[in-house]
Structures are given as structure tokens and as C-alpha cells.
4 protein chains.
Amino acid sequence: MARPKSNDKRNNILAACKVVIARDGLNATTADIAKEAGIATGSLFTYFPTKTDLLNELYVVLKTEMTAALTDKLSGKNNREKLHNGWAAWTDWAAINTEKHVVIELLRNSDQLTKESRAFGDAAIKPVFDLINANVVKLETNYPNDFLYELIDAISIKTMDKMAARPDKAAEYREAGFETVWKIITKG
Amino acid sequence: MARPKSNDKRNNILAACKVVIARDGLNATTADIAKEAGIATGSLFTYFPTKTDLLNELYVVLKTEMTAALTDKLSGKNNREKLHNGWAAWTDWAAINTEKHVVIELLRNSDQLTKESRAFGDAAIKPVFDLINANVVKLETNYPNDFLYELIDAISIKTMDKMAARPDKAAEYREAGFETVWKIITKG
Amino acid sequence: MARPKSNDKRNNILAACKVVIARDGLNATTADIAKEAGIATGSLFTYFPTKTDLLNELYVVLKTEMTAALTDKLSGKNNREKLHNGWAAWTDWAAINTEKHVVIELLRNSDQLTKESRAFGDAAIKPVFDLINANVVKLETNYPNDFLYELIDAISIKTMDKMAARPDKAAEYREAGFETVWKIITKG
Amino acid sequence: MARPKSNDKRNNILAACKVVIARDGLNATTADIAKEAGIATGSLFTYFPTKTDLLNELYVVLKTEMTAALTDKLSGKNNREKLHNGWAAWTDWAAINTEKHVVIELLRNSDQLTKESRAFGDAAIKPVFDLINANVVKLETNYPNDFLYELIDAISIKTMDKMAARPDKAAEYREAGFETVWKIITKG
DNA sequence: AATGAATGAGAATTCATTCAT
DNA sequence: CATGAATGAATTCTCATTCAT
């Protein structure tokens, strides 16, 4: 088998897609993405049959990576510390990977995502909450759970935005965000 | 701020723009918007020199209307009640004016808004918080204020989304959202 | 109403389409057709929503014109002369309007024609045969009628091809073709 | 004539080409043809330097096969029967080998055939007519011979089309076609 | 040879904006 | 001013052919 479809190239395209979208927005051209990836315009379609497929795959990949940043860090000597460590890992990831965070949000707010991708993105966060719920923190709240998850998600995004916008005050925003979440999930 | 005298046709176009964008997303065609407004495609451009101008104006108009829905209702027999009434008025407005709420969010997440429009939108909420801060509720928190505002904004949007998605449980989400906000701004 | 959609321009496009297809075959580009018509590439689509629509319309128009060339001439002092005059008018039209004849055949043999257009083309010839059948010649044959019509059609096309290919012998081929048809439809 | 030694792979490609063109029309992809032949897209080009070459070769091959179906059968106890047997063999071949017949016609009406292929196709039928002319039937007609050949060819195609379209009436159309031809070539 | 990924010149169509009427 | 046809650059995707493996 000559010149097998390389996973590297596939990843190059995804990375290029991320870069170009972060730069040009969702109207980024497949031609520009291909150029950024260092391949011919037609080659992009060897790896992704349509632009929409590429966009959806990118969303899933980024969302997976983002979630992974959190999952490993949910440890600490007590529940608050466990959650704090997870939160810090999560938001720091976004503050460092600004492009990825930005692109995730662009995609989420677009009409390009399929139901499946969107569900995947939502599901990606779910295990984390299950983890919190079951093992780490005893949720002391009466909110509808789905709503609580979405609120925390929204707060995390705002926190990440702020951290990215003001790297000099990143830690401050990170902690303020955490306090907010902690307040919400604990009975007071 | 705003524009000079907005005549009927301008407003027709803005209203049509809102309808079509809610239906077709931000890729809505100027031709379709004009048709919805009952005018010729070319006429649109005598009122708004570019599509971007139209979009920005629409954002400002909707954001203004949205804020107005809140401002008048900040009354009640105590601080909590005052804020609750304001909150209810605000979120109910969005739950009823789904189209407008949706379009505001689409625009906010687009790359079409100028710095000025975006600043205007952010400013629109500011007086409300000043009002809260100065007259209604004594904020008992140590957060950076700008962050607090944005968090509450984010929570309000999620609340509105939920209310619009589940009209049958609108009240429940509205109250849950309020409790969240109240928790955040009060010392606990 | 400013600059009304001109019928002249529509006809220009159809004429240009005919010219370019005769020159380049069915793969003729919409861009080339537009250029030949002296309009912008986009303007073509104001008049014909898709290339296929243009092609179908062209077929119908040409087929109509071709049939008209025959219909008026079915006169003469006896049946044979009547039919002969019709035949001559028909084949002469094709010999003179070579481009049109060629394009009709290209379209007929393409996969671009809708059932409707094809049916229209078939129907166009039908009245002529009805005319022959009812008023001009008493068909003395036992063939299935539809088959007879198609055979005559096929013979006419071959005759036209020959006449166009050898203008110097056009009359000879025209008469040979006629004798063939006459032989077929008369009892011998 | 034809090509040197055609190995199995060449023939596989030709057969696949026929199948795919019958299914997808002349816009059939070289990639699809290769897949149908069970080889890699690139391999196709080691056997046929260009798509056009493949198409031309296919035409020649099919036309040869078609002619062969007729040549052997020109026997019978008199001229009419001899020709009738040939005609039957010929049209039956097409009615059975619908795909081949269809592809021959598609190619003939395309702009892909070289002068040479077209000439070959025309020549393929010539010997048959020479045979008819010299040995089987004494043609009693004054037509230009080339024209007569083409007319009979055209009639045969129509007959084949009809037979393929209505297998239940194949025999009827076959005989009607024959009578037509017989009428044309005999003095009346 | 065989493979199938890589190439890049098109091709049809869209759409914000202009401008003749 | 209103109209809507005209414009043409831009966009996604295709496909015959090449070429690295």
C-alpha cells in the first residue's frame, strides 16, 4: 500500500483548521485550511469528505482533549480540594490553549454541528459531573441537575474567557470562578 | 448611541432581519431580509450601507429593548424582592421574545459585531448593575466587579435558554436561576 | 420596475448556449455561455436557475422551432406532394440550421433532459404524424404506429445529417430520404 | 486492427468500463471504473494512457463483437431468409446485450471518439453490407450506397431500442424492423 | 507492476453590492 | 427614492492524472 493515508496529515489538517478558524472565523476557506496544512486543496477532501465533516471532527477532538485535561486531576485531600484541582486544570488548559477554547466556542455557536457532535460534546462533560456527583463532592443542591451542569459549564467558559483576556490576572479569575461554583453546589 | 430618527422602513428592515436570522442563521441573505421587509433588495442599502451595519444596528436595538424590560421592574418591598422582580421581568422577556433572544446570541457569537456595538451591549447591562449596586442590593462579595457582571449575564442567558426550550418548566428554571444569582451576590 | 428581465437577454442566452454547445459539446461551461451571451457569469442564473434548466429549455425551444418549419408546408396537389413538401421543409431547415440540429441531437442523447422535455420533444412531432395520418396520407401499413413514427424520425435525422455533411449533395439525400419514407408508409 | 495481445486485466477494465458507463453514463469516473475492475485507480492508466483511449478502445471492441454476431448468420435458403437470419441475430444480440448496445450508442453520440474509432465502427458494418451486396441479396435500389447503409444502421438501432424497451414485444419489433429494411432494399 | 494518496485546474452556483431605469 | 437585474469575486467540491512507496 503506497503512501498510506497518514494520521499525521489528518491531524495536520485538524490543527490547521483550528488555526485558520481562530484567525478568520467560521467562514475560513477550505483552500486556506489546506494551504495552512501544507497540502493541495483537493487533498483535504481525501481526509474529510465535506467541510462540515471536518468542522464536526474538529469539535469532537478539541472537546475530548479539553475534557481529558480535567479528568485526571480530580484528586486532593478533601472534596473541595479535589474539585478545585480539577477546576484549575480545566481552566488553565483553556487559558493556555486559547485558540482551541475559542474554536470550540465558535463551533458550538454555529449551525454546523450535527446533533451527534453536540451530544458528544455534552456527554464529554457528563462523566466529570457524574464523578463529582458520585465520588468527590456530595452535591448539596436541589436544582434540576441538567441545569446545574449547564450553569457550571457557562461559568467555566466565562472564567476561561477572562483568564485568556487577562493573563496577568488569570489566577484571580480562576479562583473567583471556583468560588462561584463551590457556592452554587454547596448548601448555604 | 442609537440612530437619529428611525423611520418606519428602517424599523421594518430591522424587524425583518431579526425574523430571517432567527430562521436561517447569520448566513441569511440580504435579499431574503429585504423580501421579508417587503422592499426591494437594493432598497435595503439605502437604509443600511452594508450588511454588517444592519447587523450591528440590530444588535444594539435588541440589546436596548432587552435591558429596558428589566430597568423598570426593579421594585419591591426589600432588596431580594426588588432583584427578583427585575430578574423575572428580564428572563420572562427573553422567554417570550425567543427570536430576539436567539438573534442577540447569534450576533454576540459572530465576528460581525464592531467593538463599539459589543461595548454598547456590555454597557447596556452596566447601568442595571450600578442600579443594583447602589440602590437595590448591597453586593456582598469580593469578586472583581466586571467578572461578576459577566457571570450573572452568562447565568441569565442559560436561564433564558432553558426557559425557552422548556416553556412548561419556565418558572422553575427562572427561580433556580435567580437562586443561583442570589447565592453568588450574597455573602454566605 | 427598473431594468425588467428582458426577453431579448433570455433569448441571447439560449442562442449563446446553442452556439457554445455546438462548438464545445455538452460540457460547455456556464461561464463560456455567459461570455458568449455578453453577460456576467452570475446573470445567467437570473434567467435560468440551473444549467440543466437552461439545457432543457433550449431543447424545447429548438424542437418547437424545428417542428414549426414543417407544419406549415404540408400542402400540395396530392398526398405524395403534400408529404414531400413537408419533408423538404423539415430537412432543409435542419440542413440550414445545422447548429440547431446538432444541438438537438446532443441534448437528446444526453442525460440532462427531464422526462417532461423529452416528452415534449416527442409530442412535438406527434401532431405532424396525426396530420399525415388523418388528412394527408392514408397510411397503408400494419406497423405499430409508435414504431413507425420513430423510424421516420430516425430516417429524418440521418437524412439531415447527410445533407449537412454534404451540402453539395443535399438535394440528392433529401430525395433519397423521402423515397425511403414513402416506401415505408405505402403498401407495396 | 484491435490491439496486440489483450491480457486479462485489460479485458477486465474494458468490461468494468462498460458496466459503469451503462450505469452512470459517460461521466463515469475513472476511479469508479477501476473499482469495478477490482484494481487501483492508478493501475487503470498503465493499461490505458487516458480515459479517452479507454473509451475508444471499448467502442471498437463492442462494435466488433456486435458485428460478429451478425456475420456468421447470413445463411438461409434464399436471399430474404439469409438477410432475415442475419437481421435477427443482430438485433437479438443487442436485445440480450442491452448494456453493450447502450454503451455503444452513448459513445457514438459523445465527443470522445476519435475519427479513427468512428471510422472503424462505420467500417465494421461495411463488410456486412458488402456481403449482402455481393453474395446474399442483389440490392435493387438507386440510393447512394453509403446513405443506404446508414439508414439501415439507424433503423437497426431503433429496432434494438424498442426490443430492449419492450422485451415482451421484442419479436414483433424485430420483424417490423426487418420488413422495413426489406422494403427499402427491394424494388417496389 | 501495483497501489491509492496527492495534485490543482476547473465547474456550478451564491450573494453583497451597484446601478440603469 | 424605489426597484430588481447585473455584476463577478469567491466558495466548495470533483476528477483525470501523477508519483511516492
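Lettering of chains follows the sequences in order, A, B, ..., and the numbering in each one begins at 1.
Atom CG in Leu54(D) sits roughly 15 Å away from atom C1' in dC15(F) (whole-Å rounding). Regarding Asn7(C), its CG atom lies at a distance of 13 Å from the P atom of dA5(F), rounded to whole Å. Rounded to an integer number of Å, the gap from Ile39(A) CD1 to dC19(F) P is 18 Å. The nearest whole Å value for the distance from the CG atom in Leu26(B) to the P atom in dA16(E) is 12 Å. As rounded to whole Å, 11 Å separates atom P of dT11(F) from atom NZ of Lys35(A). As rounded to whole Å, 14 Å separates atom P of dT21(F) from atom CG of Asp8(A). As rounded to whole Å, 14 Å separates atom C1' of dT17(E) from atom CD1 of Ile33(B). Rounded to whole Å, atom C1' of dA5(E) lies 15 Å from atom CG of Asn12(A).
Here the closest non-hydrogen pair linking Val103(D) and Leu62(D) is CG1-CD1, 3.8 Å.
Looking at residues two or more places apart in sequence or on another chain, you find a side-chain contact (heavy atoms from CB on, under 4.5 Å) between Ala94(D) and Met66(D), His101(D), Met160(D). Remark: Asn109(A) engages Glu105(A), Asn109(B) in a side-chain contact (heavy atoms from CB on, under 4.5 Å) (not counting sequence neighbours). For Arg23(A), the salt bridge (Lys or Arg N to Asp or Glu O under 4.0 Å) partners two or more places apart in sequence, or in a different chain, are Glu36(A). The side-chain hydrogen bond (donor to acceptor under 3.5 Å, both in side chains) test applied to Ser6(A) returns no partner, not counting sequence neighbours. Residues satisfying the salt bridge (Lys or Arg N to Asp or Glu O under 4.0 Å) criterion with Glu116(B), sequence neighbours excluded, are absent altogether. The side-chain contact (heavy atoms from CB on, under 4.5 Å) check on Leu54(C) picks up Ile13(C), Leu14(C), Cys17(C), Ile33(C), Leu44(C), Phe48(C), with sequence neighbours excluded.
At a threshold of 4.0 angstrom between heavy atoms, the contacts of Phe48(A) with the nucleic acid are absent. Residue contacts shown for Ala28(A) are limited to sugar-phosphate atoms, with no base heavy atom under 4.0 Å away. Leu44(A) comes within 4.0 angstrom of no nucleic acid atom, judged by non-hydrogen atoms across all strands.
If Gly38(B) and Gly38(C) are placed on DNA chain F by their nearest nucleotide, the residue sitting closer to the 5' end is Gly38(B).
Judged purely by distance below 3.5 Å, without hydrogens or angles, the side chains of Thr46(D) and Ser43(D) never pair a donor atom with an acceptor atom.
Residue pairs meeting the salt bridge (Lys or Arg N to Asp or Glu O under 4.0 Å) criterion with at least one member in residues 45-64 of chain C, sequence neighbours excluded: Arg10(C)-Glu57(C).
Taking side-chain N and O atoms only, Tyr47(D) has no distance below 4.0 Å to OP1 or OP2 of dA1(E). Residue Lys9(A) places at least one side-chain N or O under 4.0 Å from the OP1 or OP2 atom of dA6(E).
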Give DNA chain E the dot-bracket treatment, 5' to 3': Watson-Crick (N1-N3 with N6-O4 or O6-N4) or G-U (N1-O2, O6-N3) under 3.5 Å, [ ] crossing, | other strand.
-> .||||||||||||||||||||
Would you tabulate the nitrogen or oxygen pairs shorter than 3.5 Å linking the protein to nucleotides 13-15 of chain E?
unit_1: dT13(E); atom_1: OP2; unit_2: Lys51(C); atom_2: N; d: 2.9

